[in-house]
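Ligands are counted one by one from 1 in listed order, and the atoms in each one are counted from 1 as well. Positions are given from 1, in the same order as the sequence printed here.
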Amino acid sequence: MTPYMTQQTIPVDGADCRQAFSPSEMDLREQLVRFGRWVHRLGYTPGTAGNLSVRLDANLILSTPTGCSKALLHAADMVIVDNQGNKLSGMRNVTSEIGMHLAVYRMRPDVQAIVHTHPPIATAFAACGKALDEPICSEIMMTTGLVPLAPYATTGTEEVSASLEPFIPRHDAVLLANHGLLTYGSSLPDAFMKTETVEHFAQVCLSAHQLGGAKPLHERDIEKLQQARARYRLNASRGPSCS
Ligand code: 13P
């Protein structure tokens with residue numbers, strides 16, 4: 001029995017909710033609420049689109065429920081599943097895309113959080129069968145890395161994780177053909193910022209194309225950026241968290 005499996009009567013929110021969950025679980029529930037609102041406010045998850053999850057421990061995942069607006073979620077709406085996707089706690093059903101999230105957690109032990117969204121420009125690239133893989137901006141090379149395109153797969157089925165598997169080990173952001181974007185990282189703020197960065201990069205790629213085509217970075221500058229990326233990450237990890 002884990003401490004996460006004990007919630008039979010889940011309070012709706014507020015002080016009752018704080019008493020029901022451990023401080024660390026409550027913090028992660030509130031992060032899912034907060035970043036759900038962010039992705040919705042940015043126009044990345046219209047209607048019930050998108051889903052977010054975090055690791056609670058080595059075997060348990062805390063996820064958004066299926067079929068809900070990411071603008072309207074409460075801490076108590078989140079669902080706990082084991083690493084086979086079996087529901088252990090929650091009033092609602094887990095996201096229909098839980099298989100995709102579990103594939104990432106299984107293949108990437110370093111990943112602590114996942115964000116799936118449908119940001120309009122990045123999704124337009126995915127709808128046109130175009131990866132975001134042209135090395136035309138230093139920022140994306142320094143942070144998220146270039147973004148491949150996984151082949152089309154029917155949403156909510158095992159096809160999605162199968163289409164993603166070749167990309168998961170070496171990428172932190174993947175476009176899903178005719179569907180949307182998946183990003184993951186060391187925390188929910190990290191996964192969220194990668195989503196934001198990819199959508200910004202998609203906007204830059206689109207504008208550059210409209211302006212007549214970008215000039216790609218030179219190979220030797222890409223190598224220098226890779227070294228700069230390692231230094232940037234090291235420096236950023238030294239200070240207190242900015243989330
Ligand atoms: P869920 O509501 O099941 O999380 O699905 C939303 C979605 O974006 C599917 O791709």
Side-chain angles (χ1 to χ4, degrees), residues 10 28-56 60-106 111 113-129 132 147-165 167-168 171-184 188 191-192 194-196 198-199 202:
I10 296 182
L28 292 172
R29 285 174 179 268
E30 287 179 338
Q31 281 194 29
L32 288 169
V33 170
R34 184 150 56 100
F35 289 102
R37 287 185 191 154
W38 267 107
V39 290
H40 182 270
R41 200 172 301 156
L42 289 165
Y44 298 173
T45 57
T48 60
N51 27 76
L52 300 86
S53 72
V54 288
R55 272 192 213 272
L56 280 174
L60 300 178
I61 309 299
L62 183 66
S63 165
T64 53
T66 189
C68 295
S69 166
K70 268 26 90 179
L72 301 176
L73 291 174
H74 296 279
D77 291 326
M78 306 309 163
V79 184
I80 298 176
V81 295
D82 65 18
N83 47 24
Q84 262 77 54
N86 302 305
K87 179 171 147 183
L88 302 178
S89 162
M91 295 177 290
R92 299 176 183 276
N93 289 325
V94 74
T95 173
S96 58
E97 295 285 19
I98 192 65
M100 169 173 83
H101 291 238
L102 293 175
V104 176
Y105 289 124
R106 191 170 57 246
V111 165
I114 300 176
V115 173
H116 166 55
T117 54
H118 304 168
I121 314 285
T123 303
F125 274 80
C128 294
L132 288 163
V147 187
L149 175 74
Y152 179 72
T154 309
T155 181
T157 70
E158 285 179 9
E159 288 173 22
V160 180
S161 27
S163 76
L164 281 165
E165 274 168 16
F167 303 100
I168 293 171
H171 296 275
D172 289 354
V174 184
L175 285 176
L176 315 177
N178 305 89
H179 183 171
L181 172 66
L182 186 69
T183 64
Y184 31 92
L188 206 46
F192 164 75
K194 285 173 179 158
T195 296
E196 241 186 344
V198 171
E199 178 63 355

Query raised in the report: Does Glu165 CD have over 12 foreign heavy atoms under 6.0 Å away?
Result: yes

Query raised in the report: Measuring from Leu181:CG to Lys194:NZ, what's the distance to the nearest 0.5 Å?
Result: 11.5 Å

Report task. Could you tell me which residues satisfy ring-ring contact (aromatic ring centres under 6.0 Å, His included) with Tyr184, sequence neighbours excluded, listed by chain and number? Result -> none

**Report entry** Pair Thr95-Ser63, side-chain donor/acceptor within less than 3.5 Å
**Finding:** no

Report task. Determine yes or no for a side-chain-to-main-chain donor-acceptor pair under 3.5 angstrom, with Glu30 supplying the side chain and Ala75 the backbone. Result -> no

Report task. Please work out whether the ring planes of His118 and His179 are parallel, tilted or perpendicular, with thresholds of 30° and 60°. Result -> perpendicular

Query raised in the report: Hey, which residues fall under 4.0 Å of ligand 1 on heavy atoms?
Result: Thr48, Ala49, Gly50, Asn51, Thr66, Gly67, Thr95, Ser96, Glu97, His116, His118, Thr155, His179

